[in-house]
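Structure first, then comments.
Just so it is clear, the values below take in all heavy atoms, side chains as well, and ignore hydrogens, waters and symmetry mates. Letters A, B, ... mirror the listed sequences (proteins, then strands); counts begin at 1.
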There are 2 protein chains.
Amino acid sequence: MLRPLPATAWAVLGILSFDRELSGYQVKRWADASLTFFYWSPAISQVYGELKRLEELGFVEGRDVAEEQRTTRVYRITESGRTALTRWLEDAPVEPPVLKHSVLLRLWLGHLSTPDRLRQVAQRHREQTEEVLADLTSSERKAEQEPDWEFPAMVLRWGERYYRNELALTDELLRELDGFEDRG
Amino acid sequence: MLRPLPATAWAVLGILSFDRELSGYQVKRWADASLTFFYWSPAISQVYGELKRLEELGFVEGRDVAEEQRTTRVYRITESGRTALTRWLEDAPVEPPVLKHSVLLRLWLGHLSTPDRLRQVAQRHREQTEEVLADLTSSERKAEQEPDWEFPAMVLRWGERYYRNELALTDELLRELDGFEDRG
DNA sequence: CGTTGCATGTAAGGTGTTACATGATTAC
DNA sequence: GTAATCATGTAACACCTTACATGCAACG
């Protein structure tokens with residue numbers, strides 16, 4: 001335990017910090033519905049792996065729940081896990097956000113293509129951003145209904161502003177591309 | 001070559017597409033000065049690895065340049081590399097940008113801490129963003145001087161707007177945190 | 001004379017994905 | 001009945017970083 005845990009482990013533990021007993025599968029769905037907007041949603045296989053590690057560290061407790069034909073393993077955060085998570089939140093160095101924007105990577109190489117093709121790429125990105133925004137606002141409506149979800153709601157509002165800005169920036173790029181002569 | 005190359009390989013090849021013969025070390029410095037704002041800058045060891053792979057694929061050509069006491073290996077993009085890169089740019093599916101914002105991850109878990117501590121995290125993030133903006137504007141000045149760098153310049157302008165918005169969003173978060181009662 | 005920059009790489013190991021394997025349940 | 005969802009995991013492998021090893025050059 002000398003090595004610090006990756007942020008993904010804290011993210012999984014964080015999902016459990018909202019005081020629900022969840023299966024690995026449910027953790028993944030929560031990640032898809034919230035984390036994905038500002039962090040990213042780990043693969044389901046990684047979720048199982050992180051839960052295993054967190055259990056070995058004593059940060060979560062697993063319990064097999066018998067259903068009719070099968071058993072589901074559900075996890076709950078421990079006091080020790082809550083303490084460790086709080087410590088990470090408050091004390092870990094603030095790493096700058098990681099952005100891997102392959103659309104911009106492509107526009108950066110615009111000299112290899114034509115403004116028309118580049119506009120198609122930007123336009124496709126714009127559509128995908130609209131879709132993310134739609135998912136976000138639907139998540140927001142759910143979060144507003146729950147009590148004690150002030151912070152997730154605050155982060156979702158942040159996300160809405162972030163993705164609206166992404167749309168605006170893309171529109172600005174589309175306008176700039178209009179100004180480039182088609183040399184293809 | 002059935003498996004598509006990772007975006008990082010295209011990024012390295014892209015740096016070489018500006019028609020300069022560069023050493024691995026120089027590629028890394030270019031990445032730090034431009035890519036890093038909208039994609040991310042790979043570790044120097046990975047740059048060497050990618051250059052090796054690109055050479056095996058025939059997308060770049062390496063050449064040993066003898067200097068006084070040592071030789072430096074410099075790379076140049078090939079016609080085949082330029083074609084492949086253009087094809088990637090135009091034809092590869094538009095993957096959504098990946099954002100891993102650990103600051104937001106922490107605010108999302110605000111119920112574990114106090115508004116005061118959270119403000120410190122947000123404030124630290126704000127300072128780091130200011131630093132990125134300073135680097136960005138200095139890169140912008142350089143890009144404006146070079147001819148045929150319209151697209152890198154366009155992307156840098158995008159970056160300036162992006163990071164200015166990041167500041168604005170952080171300020172908004174700081175304001176919202178002021179509204180939360182200190183329950184710590 | 002020690003630190004920083006230039007310069008190149010290998011090795012080890014962690015992070016994370018896709019593919020695979022398995023099986024129950026639910027909806028069309 | 002068959003497709004999607006619920007549910008759990010393993011194995012293989014790609015991606016990427018840190019640490020290590022090496023050595024020259026320039027600056028103070």
Side-chain angles (χ1 to χ4, degrees), chain A residues 1-13 21-33 35-36 39-57 60 62-75 93 95-96 98-100 102 105, chain B residues 1-13 21-33 35-36 39-57 60 62-75 93 95-96 98-100 102 105:
Chain A
M1 230 206 83
L2 286 164
R3 194 177 247 283
L5 287 175
T8 304
W10 300 119
V12 168
L13 189 55
E21 230 181 2
L22 300 174
S23 69
Y25 192 88
Q26 288 175 311
V27 166
K28 167 62 175 162
R29 284 199 321 189
W30 273 72
D32 285 344
L35 269 186
T36 209
Y39 200 71
W40 113 107
S41 194
I44 177 67
S45 63
Q46 203 193 349
V47 170
Y48 287 117
E50 293 293 356
L51 284 170
K52 201 176 181 181
R53 161 156 58 177
L54 291 169
E55 188 165 28
E56 279 159 14
L57 290 167
V60 301
R63 179 169 75 88
D64 287 317
V65 176
E67 279 156 281
E68 275 101 284
Q69 309 290 334
R70 61 175 160 186
T71 61
T72 299
R73 188 165 183 79
V74 291
Y75 294 89
E95 310 128 82
V98 176
L99 177 66
K100 279 187 161 192
S102 54
L105 177 56
Chain B
M1 231 206 82
L2 286 164
R3 195 177 247 282
L5 288 175
T8 304
W10 300 118
V12 168
L13 189 56
E21 231 181 2
L22 300 174
S23 68
Y25 192 87
Q26 288 174 310
V27 167
K28 167 62 175 163
R29 285 199 320 187
W30 273 71
D32 285 344
L35 269 186
T36 209
Y39 201 70
W40 111 107
S41 194
I44 177 67
S45 63
Q46 201 193 350
V47 170
Y48 287 118
E50 292 293 355
L51 284 170
K52 202 176 181 181
R53 162 156 59 178
L54 291 169
E55 188 166 28
E56 278 159 14
L57 290 167
V60 302
R63 181 169 74 87
D64 287 316
V65 176
E67 278 156 281
E68 276 101 285
Q69 310 291 335
R70 60 176 159 186
T71 60
T72 298
R73 189 164 182 80
V74 292
Y75 294 88
E95 310 129 81
V98 176
L99 177 67
K100 279 186 161 193
S102 54
L105 177 55

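- Using modelled atom types, one side-chain atom of B:Ser23 and one backbone atom of B:Gln26 make a donor-acceptor pair closer than 3.5 Å.
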Yes or no on side chain to side chain contact (heavy atoms under 4.5 Å, CB included) for A:Thr71 and A:Val65, after CA distance, side-chain angles and deciding distance?
CA-CA 5 Å; A:Thr71 61; A:Val65 176; over 6 Å; no
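- Taking atom OH of B:Tyr25 as the reference point, atom P of C:dC6 lies 4 Å away to the nearest angstrom.
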Strictly under 3.5 Å: I want the nitrogen or oxygen pairs between protein and nucleotides 20-23 of chain C, one per line.
{"unit_1": "C:dG23", "atom_1": "N2", "unit_2": "A:Arg70", "atom_2": "NH1", "d": "3.2"}

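- Look at CD on A:Glu95: it is 11 Å from P on D:dT18, rounded to the nearest Å.
- With sequence neighbours excluded, the residues satisfying side chain to side chain donor-acceptor pair (under 3.5 Å) with B:Thr72 are B:Glu67.
- Taking all atoms of both residues into account, the shortest heavy-atom contact from B:Leu35 to B:Ala11 is CD1-CB, 3.8 Å.
- Atoms CH2 (B:Trp30) and P (C:dA7) sit 15 Å apart, rounded to a whole Å.
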Using a cutoff of under 3.5 Å, can you pull out all pairs of nitrogen or oxygen atoms linking the protein to nucleotides 9-15 of chain D, with atom names and distances?
{"unit_1": "D:dC15", "atom_1": "OP2", "unit_2": "B:Arg53", "atom_2": "NH1", "d": "3.4"}

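- Heavy-atom distances to DNA chain C give each of A:Glu50 and B:Thr72 a nearest nucleotide, and the one nearer the 5′ end belongs to B:Thr72.
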Working note: A:Trp40 + A:Thr8, criterion side chain to side chain contact (heavy atoms under 4.5 Å, CB included); need CA distance, chi angles, decisive distance, verdict.
CA-CA 9 Å; A:Trp40 113 107; A:Thr8 304; 2.9 Å; yes
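- Between the A:Glu95 side chain and the B:Ser102 main chain, no donor and acceptor come within less than 3.5 Å of each other.
- The A:Arg29 side chain lies nearest to D:dC6 when the options are C:dA7, C:dT17, D:dC6.
- For A:Lys28, the salt bridge (charged side-chain N to carboxylate O under 4.0 Å, His left out) partners at least two apart in sequence or on another chain are A:Asp32.
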Between A:Val98 and B:Val98, is a side chain to side chain contact (heavy atoms under 4.5 Å, CB included) present by the stated rule, with each step listed?
CA-CA 8 Å; A:Val98 176; B:Val98 176; over 6 Å; no
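- Here D:dA7 presents its P atom at 14 Å from CG of A:Asp64, a figure rounded to the nearest Å.
- Rounded to 10°, the angle separating the first-five-pair axis and the last-five-pair axis of the helix from C:dC1-D:dG28 to C:dC28-D:dG1 equals 40°.
- The pair B:Glu56-B:Arg53 does not meet the salt-bridge criterion, since no charged nitrogen lies less than 4.0 angstrom from a carboxylate oxygen.
- As a whole-Å value, the separation of B:Arg63 CZ from C:dA7 P is 14 Å.
- Residues satisfying the side chain to side chain donor-acceptor pair (under 3.5 Å) test with A:Glu21, not counting sequence neighbours, are A:Arg63, A:Arg76.
- Across the protein-nucleic acid pair, A:Lys28 atom NZ and D:dC6 atom P stand 13 Å apart, rounded to whole Å.
- A distance-only check finds a donor-acceptor pair linking the side chain of A:Glu55 to the backbone of A:Gly62 [under 3.5 Å].
- Within the 4.0 Å cut-off from OP1 or OP2 of C:dT8, at least one side-chain nitrogen or oxygen of B:Ser23 is found.
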